[in-house]
Amino acid sequence: MNITCKCTAVHLEFFTQTALFRHECCCHDCTAALWYAHKRGGPAPPVYQCLDSSWFPNAFTIVKGEEKLGAFLNFKNADSTRFYCTDCWSVVFADHTFYEKKVLVTQVMNYQEFEGLTNVELMPPQARHFVKDLSPDQLAALPLWREDPSHVYQGPADNLLAQFPAMREAGQEGKDMNAQILLEKIGGAFVPVGEPRLSEGPATLMRKMTRQAEGESHDDNA
Ligand SMILES: [Zn+2]
Ligand SMILES: [Zn+2]
């Protein structure tokens, strides 16, 4: 599987073609991140608030563009770290504390201006989740859900959470390159200032569950 950015300065190559899971995320945070990147000059996100998302093992090779990669958090102490091309502001993949360094998620295929995800075998979407983040108008604007209607979730998808241990098991923490090694090389993620839209979403259940799973002592520096 390969990920490239719009300007092609960044090219990542993964060691598998097969996604570990695929779903559609309607949470505020995912779309707000692409909106912010678009504001900085990046490609346009979908007009509706819902992103096609696929997980892969956290192991890849940077074919080119290591020096072009940057990282940001939507807000201080956010659980998701999003990696992007500093030249063209395509968001290429994201890490989350819940992934325990074993997997990462990409939403680069939501961009219509270029084909960011290639050489890949995607499964049908298994769920559509966090529709609670949508207003009635936003809900009405979504593409039709053609899969099992019981797999549309107000909060986090039950079938995703049930699958996560197996996804981590099938995942990988790349020895030579992974999201954490890359973040170290970048020098950490920055937090945009003066961008209230990035943090105005409702606190996600995923975020709360992550906290519970990690216990009270978790300092949430991710
Ligand atoms: Zn680029
Ligand atoms: Zn999301």
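What you see is a predicted model; the values in this text were computed from it and never measured. First listed ligand is number 1; within each ligand, the first listed atom is number 1.
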Participant: Supply the atom-to-atom distance Asn110 CG to Ser53 OG, rounded to the nearest 0.5 angstrom.
Facilitator: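 One gets 6.5 Å once the value is rounded to the nearest 0.5 Å.
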Participant: State whether the number of non-hydrogen atoms from other residues, nucleotides or ligands found under 6.0 Å of Glu200 atom CD is greater than 12.
Facilitator: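 Enclosed.
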Participant: Please report, to 10°, the angle around the Zn ion (ligand 2) from atom SG (Cys30) across to atom SG (Cys27).
Facilitator: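 Nearest ten degrees: 110°.
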Participant: Distance only, no hydrogens: is a donor on one side chain within 3.5 Å (strictly under) of an acceptor on the other, for Trp89 and Tyr36?
Facilitator: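 Distance-only check fails for Trp89 and Tyr36.
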Participant: So, taking the atom named CD in Glu13 and the one named CD1 in Ile62, what distance separates them when rounded to the nearest 0.5 Å?
Facilitator: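 Going from the CD atom of Glu13 to the CD1 atom of Ile62 covers 12.0 Å.
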Participant: Give a yes/no answer: is there an N/O/S atom of His28 under 2.8 Å from the Zn ion (ligand 2)?
Facilitator: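 Of the N, O and S atoms in His28, none lies under 2.8 Å from the Zn ion (ligand 2), which means no.
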Participant: Are the side chains of His23 and Pro125 in contact, using a 4.5 Å heavy-atom criterion?
Facilitator: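 Sidechains of His23 and Pro125: no contact.
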Participant: Pull up every protein N/O/S atom sitting under 2.8 Å from the Zn ion (ligand 1), skipping waters.
Facilitator: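 Those protein N, O or S atoms (cut-off: under 2.8 Å from the Zn ion (ligand 1)) are Cys5 SG, Cys7 SG, Cys85 SG, Cys88 SG.
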Participant: Answer yes or no: is there an ion pair linking Glu169 with Lys102, defined by an N-O contact shorter than 4.0 Å?
Facilitator: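 No.
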Participant: Considering residues, nucleotides and ligands other than Asn119, do more than 12 of their heavy atoms fall under 6.0 Å from its CG?
Facilitator: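 Yes.
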Participant: Can an N, O or S atom be found in Cys26 less than 2.8 Å away from the Zn ion (ligand 2)?
Facilitator: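 No, since none of the N, O or S atoms of Cys26 sits under 2.8 Å from the Zn ion (ligand 2).
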